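Given the structure is predicted, the values throughout are model-derived calculations rather than measurements. Reminder, nothing fancy here: chain letters follow the sequence lines and each chain counts from 1.
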Amino acid sequence: MDANNRSRVLEKFKSYSASIPNPSIDQFKSKGGKVMGYFCSFIPEELFIAAGFLPFRIRGTGSLGTERADEYFTSSNCSFPRHCFNQALSGKYDFLDGLIVGTSCDTTRYIYDNWKKSQVKTPFAYLLGFPHVSGEVMAGYYRKELAKLKTALEENFGAAITDDALRASVRLCNETRSLQQKIYDMRKSDNPAVTGSEMVSIMVAGISMPKEEYNRDIKELMSDLETTPSADKAYSARLMIVGSCGDDTVLSRIAEDQGAMVVTDHTCFGGKLKYGAVDETVSDPLEALAHYHVLTRPFCAKVGGAYPLRAKVIIETAKEFNVDGILGQRLGCCDTWGGELYILKDDLRDAGIPSLMIEREYIPDTEGQLATRIQAFIETVRR
Amino acid sequence: MIIGGCDLGSTTGKAVVIIDDRIVLGNIIASTPKPAVTAQMAMDAAIRNAGLSSVKDFDYIVSTGYGRLRVEFANENISEISCHARGAFQIMPSVRTIIDIGGQDCKAISLSAKGAILGFEMNERCAAGTGRFFQVMAKVLDCGLDGIGAMANISTTPASISPQCTVFAESEIITLVNNDIPLPDIITGINRSVAGRVSSLARRVGVADDLVITGGCNKNEGLVNALKLALGIEIKKLPLDPQFMGALGAAVFAKEKAVKAAHSKGDDHGCK
């Protein structure tokens, strides 16, 4: 296998991340399986897997516009949920048997109301409360919210979600995180095993297919990467991407087209997903899940009181991966990430890490300007 | 050693030639629908002014500007942010802040004492605060870009115009015209509006002496005065046409590359 086509799995992941439907979903459904769509990375997939469902993280992949969603939203709402909802209105999410929306940001929250109001006929829709402040009390609150969701799933689908099944799904998802972390670690070298754009595909595929199959695939991928290393690429700077969303390769592609290499990230579809592990030793798995999302990994910028931890993790990651600079991205009209990146910029400067904060749309309308800014940034941080 | 820099911007093309240490500016060429043609026209003008005959005479050429990838005769392209910074620093080493107001964007760049870029900010998608904003307003007022510059400093009661959106600002101006607001008041309002937008970008990178303005909008005296008022510091005059700073920076980078290449070949006299 040559360096350009060095892994069957990598090509599969690229194909899965570039579209919403995929053969693994079809296969799962053909055996009578149910698919549970969900927004945001703090919603635990473990709960759905324990119920026998296939979790599928909602994204806007393939959307070309928001014409249909704009009947429900306005231009003051960020473009990510609008593109996701446009895809739902266009029938791309008709395969879902249920939808879980979390109270992350207001626009995402309104998706729940609009989804139910619209002609999208997903049989089950549920709004999951998520704390906007970190801390033990809020972890307790989230545990209660997860218990309510568990009951709702059991009642609606007649699926018993036992603690044993939950513990098994926690082990399975921890294995996924651990495998993904190993791929990230393979990018610490001077010749990273995969590019930033490839890593996006690897991560997005992980939230689009059954975990057992994904874990098998990712092990095969690791073996492929070890036996067929990537061609030694010359690059001018090692970059990290920080911010929201990140289910596409826009920023990585532009940066890598300009001669840089994206070696790590801290985004909601990327590096944040594989952070740490849910504690398998806690007797109550719901408590362990709540603890993980509210205390161990409070990475949603909406969560107050946890910014110092987020900044610490970002700075440590940047140093660990020996990055020359950070690209911060936020979508237009995202007040949450607007505030987060403004504060972060100063902390990165104090840590000696150059950064460029970028506002973009889900489908960039000014790629030329983005390329100019990223090229200029690379010129200032290049090795 | 013969060196070239070509800045293919959104509204004009400019080129600079450096022959040893002599800097020769070309002419400002209005952009055509074909970027490669505009680039060639801009370069031809500089070649003529330098008394040369062809791009084949050059040791190294760097392109910059929005059309930088379309400059077929360039050896390399470098972003206009780096080039404006390099050009301004080359002819004024005391510069620490650069505001570049170009045809479709504006940028604020902060420099170290050694000329390294410490940070930069650029307008997002909106055209407010750019040369395009002035073009739209000049068309509505039927006074031409020169008219906007010529009527600077006349008004003591400038109109208030939205700094946010070119399309909304255009509507505001039509309303002002229909309300018989004097032209100097409207024009001063336009300059203040753009200055407000640009000054917020500059503050984000940090405003420090010496501050210069590059790009074609520097020729609008009313805007320069409005920026001085908004930023509260003196704006220094560049000793060369500020519209050529991108092309000059590109040429300076080209010279560095050519010298390095000549040294690596062990050819200290790699001149033509």
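In this structure, chain A has no heavy atom under 4.5 Å from any part of B/L69. When heavy atoms are compared at a cutoff of 4.5 Å, B/R204 does not approach chain A at all. Contacts between A/T380 and chain B at a heavy-atom distance below 4.5 Å involve the side chain alone, from C-beta outward. Only the side chain of A/L356 comes within less than 4.5 Å of a heavy atom of chain B; its backbone N, CA, C and O stay farther away.
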**Request:** Report the C-alpha distance between A/R330 and A/E340 in whole Å, list the side-chain angles of each, state the deciding distance to 0.1 Å, and finish with yes or no for salt bridge (charged side-chain N to carboxylate O under 4.0 Å, His left out).
**Result:** CA-CA 9 Å; A/R330 73 179 176 98; A/E340 184 92 345; over 6 Å; no
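Within 6.0 Å of CG on A/D350 lie more than 12 heavy atoms contributed by other residues, nucleotides or ligands.
The salt bridge (charged side-chain N to carboxylate O under 4.0 Å, His left out) analysis of residues 67-77 of chain A, with sequence neighbours excluded, yields the pairs A/D70-A/R82.
Under the 3.5 Å distance criterion, with hydrogens and angles disregarded, a donor-acceptor pair is assigned to the side chains of A/S201 and A/S17.
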